[in-house]
Amino acid sequence: MGLHHTGRAHTRHARVVRVHDAGAKGTLASIELDSETEWLNSNQRNEGPERDEKLARIMAKGYDSWKDRPAVLGDDVMLVAACLCPHPDLPMDSSNSAEDTLAFAACGATLGKLPQKPAAAVSTLSPKLSRPKHHGLEVMALHMPTGIYLPTLLTA
């Protein structure tokens, strides 16, 4: 049984809303990629065989990471991706990890662990660091509470 709305819709303070039913699952999968041979930084503009080889490596590592994770499926599933960088003093835009994140999440979807079309997807930089000369990705899948659309909540 979840929490339910208090009925006081006129208040502008935080309201208690119904959350997903008890027993709802979330899952977290992660991979570490060699910065030179596996990482698809969108600034590098990898093309042709080099890009295909990197994607194949990401998918192979993704398979190993997702295969034993519980499935988190439904039209209310959101993905939160975090990129781990090797250097705390070198700023990076999390959008540089978009291809890597999409390939990693697609592997989870192909295995039936994630929905093909999540309700929302967010990408950010992790405060954790990866090993030198490596980048890491963590993708968490979870059910959004009923009646809440995260992008609206974050921009309100």
Side-chain angles (χ1 to χ4, degrees), residues 2 18-156:
R18 183 179 177 276
V19 296
H20 204 274
D21 297 329
K25 294 185 241 176
T27 193
L28 175 70
S30 61
I31 56 174
E32 183 179 73
L33 303 170
D34 181 280
S35 296
E36 293 297 318
T37 62
E38 298 170 324
W39 185 248
L40 274 173
N41 182 328
S42 61
N43 291 335
Q44 293 172 337
R45 307 283 187 240
N46 297 121
E47 294 180 11
E50 181 184 13
R51 183 179 185 281
D52 293 342
E53 288 172 15
K54 287 183 177 185
L55 280 172
R57 289 184 189 116
I58 293 168
M59 295 296 280
K61 286 187 172 188
Y63 174 83
D64 288 341
S65 185
W66 285 112
K67 68 181 180 182
D68 296 325
R69 299 288 188 258
V72 180
L73 301 171
D75 59 3
D76 64 341
V77 173
M78 70 173 288
L79 303 180
V80 179
C83 176
L84 289 73
C85 300
H87 305 290
D89 53 346
L90 294 177
M92 182 186 147
D93 182 345
S94 63
S95 68
N96 286 346
S97 66
E99 284 189 272
D100 305 272
T101 301
L102 287 174
F104 183 40
C107 190
T110 300
L111 290 171
K113 304 297 184 170
L114 302 175
Q116 293 288 330
K117 294 182 180 180
V122 179
S123 184
T124 187
L125 294 176
S126 173
K128 298 186 287 184
L129 295 177
S130 62
R131 291 187 307 137
K133 299 183 181 182
H134 290 79
H135 282 77
L137 289 175
E138 296 177 333
V139 174
M140 178 175 48
L142 60 138
H143 292 280
M144 288 192 294
T146 303
I148 292 180
Y149 181 63
L150 185 69
T152 303
L153 182 66
L154 292 175
T155 58

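- Among residues two or more places apart in sequence or in another chain, the salt bridge (charged side-chain N to carboxylate O under 4.0 Å, His left out) test is passed with Lys133 by none.
- To the nearest 0.5 Å, atoms CD1 (Ile58) and CG (Leu40) are separated by 4.5 Å.
- One finds the CG atom of Leu55 at 11.5 Å from the SG atom of Cys107 (value rounded to the nearest 0.5 Å).
- Thr124 places no side-chain N or O within donor-acceptor distance of the main-chain N or O of Ala82, the cut-off being under 3.5 Å.
- Separation of atoms CZ (Arg57) and CG (Asp100) is listed at 12.5 Å; rounding is to 0.5 Å.
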*Walk me through it: do Lys61 and Glu38 pass the test salt bridge (charged side-chain N to carboxylate O under 4.0 Å, His left out)?*
CA-CA 10 Å; Lys61 286 187 172 188; Glu38 298 170 324; 3.0 Å; yes

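- The two residues Ala105 and Leu79 come nearest to each other via the heavy atoms CB-CD1, 4.1 Å.
- By the side-chain hydrogen bond (donor to acceptor under 3.5 Å, both in side chains) test, Thr37 is found to be paired with Asp34, residues two or more places apart in sequence or in another chain being considered.
- Minimum heavy-atom separation, Ser130 to His135: OG-CA, 3.8 Å.
- Residues Met78 and Pro118 form no side-chain contact, since every pair of their non-hydrogen atoms from C-beta on lies 4.5 Å or further apart.
- Side-chain contact between Thr101 and Cys83 is absent, with no heavy-atom pair separated by less than 4.5 Å.
- Under 4.0 Å is where a charged nitrogen must lie from a carboxylate oxygen, and between Glu99 and Lys54 no such pair does.
- Asp76 contributes no side-chain N or O that, together with a main-chain N or O of His143, makes up a donor-acceptor pair within less than 3.5 Å.
- Without hydrogens or angle criteria, Trp66 side chain to Phe104 main chain gives a donor-acceptor distance under 3.5 Å.
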*asked:* Between Ile31 and Tyr63, is the side-chain contact (heavy atoms from CB on, under 4.5 Å) condition met? List the steps.
replied: CA-CA 10 Å; Ile31 56 174; Tyr63 174 83; over 6 Å; no

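- In this structure, CD in Glu32 is found 12.0 Å from OG in Ser65, a value given to the nearest 0.5 Å.
- Two residues are said to be in side-chain contact when any heavy atoms from C-beta on lie closer than 4.5 Å; Lys113 and Pro70 fail this criterion.
- We find the CZ-CG distance between Arg69 and Leu114 to be 11.0 Å, quoted to the nearest 0.5 Å.
- Smallest separation of non-hydrogen atoms from Val77 and Ala141: CG1-CB, 4.1 Å.
- Taking all atoms of both residues into account, the shortest heavy-atom contact from Ala103 to Met59 is O-SD, 3.1 Å.
- In this structure the side chain of His134 never reaches within 4.5 angstrom of the side chain of Pro86, judged on heavy atoms.
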